[in-house]
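Here is the structure we will look at, set down as structure tokens.
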Amino acid sequence: MSMPLRQSVRLGGYLMKQKLLRREKFPILLELEPLYACNLKCAGCGKIQQTHDWLKKRMSVEQAVAAVEECGAPMVSIAGGEPLMHKEIDEIVRQLLARNKIVFLCTNAVLMPKHLHKFKPHKNFAWMVHIDGLRERHDQSVCKDGVFDEAVAAIKQAQEAGFRVMTNTTFFDTDSPQDVIDVLDYLNDDLHIDNMQISPGFAYEKAPDQEHWLGPEETRQLFRKAFADGRRKKWRLNHSPLFLDFLEGRVDFDCTAWAIPLYSLKGWQRPCYLMDDGYVATYRELLDDTDWDSYGRGKDPRCANCMAHCGYEPTAVVATMGSLRQSLRAAVGA
């Protein structure tokens, strides 16, 4: 099964508008980082390697909302760091929902029980909980025992309160096809997660773990085996069928990093969420002054192993919406 109908309809209308306006580059989702600080030190994340001064900073509500309005993306993923360490994160969410944005609040869920009362269920809001495998695997990934159980308890509490809950899972070369199957079966069938996102890990330059990243062929083999026998159709994956085809190696795409820009405390990050080649002050500068043709697999050596959803899912989405056959396929989750 593919992404939710409401999200697909919203995206379809938005993409049609961009086509009518003849815009070549436009945002689909904005990655918003209102802070760098986190309560965990995950092995695959380089965000907490900022200096102490930056780790203390928090983006104002006004700055966060202004960036979203400047960008114009219909969807916003609020990440970090850990967003629930931001004292005004609930107000940022309320302001974005009031502007009819689809909002995903990314969290490791440790702080969710403490802050859940600050939020209200909304048709355009979902918690996006980081789950990198079952208990042992997840706790190993976040470098702290007990976090998996805390996250599961927080998810159940949010579900009981009427919230939509999604998950985001990153896979590494230590994961087997059975690991993929086991965690997705658990999230789908046992926890009844509304939608799951998956992505092969990308080698953050500052990440503590620099050894366990998947290469393209390893990624294709991993997901081809995990998706075999029609398994992927039963999972409530928040992806287009074409992106899942891409992970299996059935189709290849160019990276369209411009479609999922990142705005953080330092400004608009060039070129994408995963790579840091400097910052610019405005979204227009990011679009116009970045040499997008120099990035992607086969162009920049740093991109050689990247098949992450933030670069390739938007390509798949645009390709889906541009094809009647693929649009029908996405509608039925084929």
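Since this is a predicted model, take the numbers as computed values, not measurements.
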Strictly distance-based, threshold 3.5 Å: is any side-chain N or O of S141 a donor or acceptor partner for the main-chain N or O of R137? no
Taking the side chain as C-beta and beyond, is there a heavy-atom pair between L262 and R270 under 4.5 Å? no
In chain order, what residues pass the salt bridge (Lys or Arg N to Asp or Glu O under 4.0 Å) check against D182, with sequence neighbours excluded? none
Would you tabulate the side-chain donor-acceptor contacts of residues 101-111 under 3.5 Å, counting partners in other chains and residues two or more places apart, or write 'none'?
from	atom 1	to	atom 2	distance (Å)
K101	NZ	A73	O	2.9
T107	OG1	E82	OE1	3.2
T107	OG1	E82	OE2	3.0
T107	OG1	A109	N	2.9
N108	OD1	V110	N	3.1
N108	ND2	N39	OD1	2.8
N108	ND2	E82	OE1	3.2

Using side-chain heavy atoms (C-beta onward) and a distance below 4.5 Å, is V142 in contact with F148? no
Main-chain N/O of C255 paired to W292 side chain as donor or acceptor, under 3.5 Å: no
Within the side chain of N124, is there an N or O that forms a donor-acceptor pair under 3.5 Å with the backbone of L97? no
Quick one: side chain to side chain donor-acceptor pair (under 3.5 Å) partners of S264, sequence neighbours excluded? Y36
Students should find that the hydrophobic cluster of L20, defined by side-chain heavy atoms under 4.5 Å apart, otherwise consists of M16
Between I198 and H309, does a side chain to side chain contact (heavy atoms under 4.5 Å, CB included) hold up when you go through it step by step? CA-CA 8 Å; I198 58 176; H309 71 272; over 6 Å; no
Within-4.5 Å side-chain heavy-atom neighbours: V129 and M112: yes
Donor-acceptor pair between D132 and H130 side chains, under 3.5 angstrom: yes
Quick one: are F163 and P121 in side-chain contact, heavy atoms under 4.5 Å? yes
Give the intermediate values and the outcome of side chain to side chain contact (heavy atoms under 4.5 Å, CB included) for residues Q157 and V152. CA-CA 9 Å; Q157 184 177 344; V152 169; over 6 Å; no
Scanning both residues in full, the closest heavy-atom pair of C272 with Q269 reads O-NE2, 2.9 Å
Min side-chain heavy-atom separation L184-V180 under 4.5 Å: yes
Check the side chains of E31 and Y273 for a donor-acceptor pair under 3.5 angstrom, ignoring hydrogens and angles. no
Working note: H192 + Q159, criterion side chain to side chain donor-acceptor pair (under 3.5 Å); need CA distance, chi angles, decisive distance, verdict. CA-CA 9 Å; H192 306 290; Q159 290 172 327; over 6 Å; no
Are there more than 12 heavy atoms of other residues, nucleotides or ligands under 6.0 Å from atom CD of Q178? yes
May I ask you to decide whether R302 forms a salt bridge with D277, counting only side-chain N to carboxylate O separations under 4.0 Å? yes
Can you give me the closest heavy-atom contact between L287 and W258, atom names plus distance? CD2-CB, 4.0 Å
Which residue pairs pass the salt bridge (charged side-chain N to carboxylate O under 4.0 Å, His left out) test when at least one of the two sits in residues 58-78, sequence neighbours left out? E69-R99
Modelled atom types, side-chain donor and acceptor of T256 and T315, under 3.5 Å: yes
Got a sec: does the NZ of K266 have more than 12 other heavy atoms crowding it under 6.0 Å? yes
So, D90 and R94, do they make that salt bridge, N to O below 4.0 Å? yes
Heavy-atom count around K17 NZ within 6.0 Å, excluding the residue itself: above 12? no
Sequence neighbours left out, what pairs pass salt bridge (charged side-chain N to carboxylate O under 4.0 Å, His left out) with at least one residue falling in residues 279-298? D252-R297, R284-D288
With a 3.5 Å distance limit and no angle check, can you tell me whether E88 reaches the backbone of E91 through a side-chain donor-acceptor pair? no
From OG1 (T167) to CD1 (I131), nearest 0.5 Å: 7.0 Å
D53 side, atom CG; L265 side, atom CG - distance, nearest 0.5 Å: 12.0 Å
On a heavy-atom basis, which atom in A126 and which in M166 lie closest, and how many Å separate them? CB-SD, 3.8 Å
Between Q197 and T169, a side-chain donor and acceptor under 3.5 Å: no
Return the set of residues passing side chain to side chain donor-acceptor pair (under 3.5 Å) with R23 (not counting sequence neighbours), or none when no residue passes. Q18
Sorted by chain and residue number, the side chain to side chain donor-acceptor pair (under 3.5 Å) partners of D145 (sequence neighbours excluded) come out as none
Within the side chain of R236, is there an N or O that forms a donor-acceptor pair under 3.5 Å with the backbone of I193? yes
Test side chain to side chain contact (heavy atoms under 4.5 Å, CB included) on D179 and V183 and set out the steps. CA-CA 6 Å; D179 291 329; V183 68; over 6 Å; no
Just by distance, do the side chain of D139 and the backbone of E136 share a donor-acceptor pair under 3.5 Å? no
What pairs of donor and acceptor atoms, side-chain ones from residues 220-230 against any protein atom, are under 3.5 angstrom apart with sequence neighbours left out?
from	atom 1	to	atom 2	distance (Å)
R224	NE	E248	O	3.2
R224	NH2	E248	O	3.0

Scanning both residues in full, the closest heavy-atom pair of P261 with L29 reads CD-O, 3.3 Å
Between Y312 and F253, is the ring centre distance below 6.0 Å? no
If a pair satisfies salt bridge (charged side-chain N to carboxylate O under 4.0 Å, His left out) and one of its residues is in residues 113-122, list it, with sequence neighbours excluded. none
Option passing side chain to side chain donor-acceptor pair (under 3.5 Å) with W235 (candidates N195, D185, N188): D185
Without swapping roles, check the side chain of E313 against the backbone of F243 for a donor-acceptor pair under 3.5 Å. no
Salt bridge (charged side-chain N to carboxylate O under 4.0 Å, His left out): which pairs involve residues 147-172, sequence neighbours left out? R135-D149
Do L274 and C310 have side chains that approach each other closer than 4.5 Å (heavy atoms only, starting at C-beta)? yes
Within the 4.5 Å heavy-atom criterion, are S77 and L32 side-chain neighbours or not? no
Assess the residue pair L30 and M75 against the criterion (side chain to side chain contact (heavy atoms under 4.5 Å, CB included)); give the C-alpha distance rounded to whole Å, side-chain angles, the decisive distance to 0.1 Å, and a yes or no. CA-CA 6 Å; L30 170 63; M75 302 189 294; over 6 Å; no
If every non-hydrogen atom of Y283 is compared with every non-hydrogen atom of P27, which pair is closest and at what distance? OH-CD, 3.1 Å
Go through the structure and list residues passing side chain to side chain contact (heavy atoms under 4.5 Å, CB included) with K19, not counting sequence neighbours. none
Under 4.5 Å between any side-chain heavy atoms of P34 and I89, yes or no? yes
Between P271 and T290 the two heavy atoms that sit nearest each other are CB-CG2, 4.3 Å
salt_bridge(K234, D189) N-O dist < 4.0 Å: yes
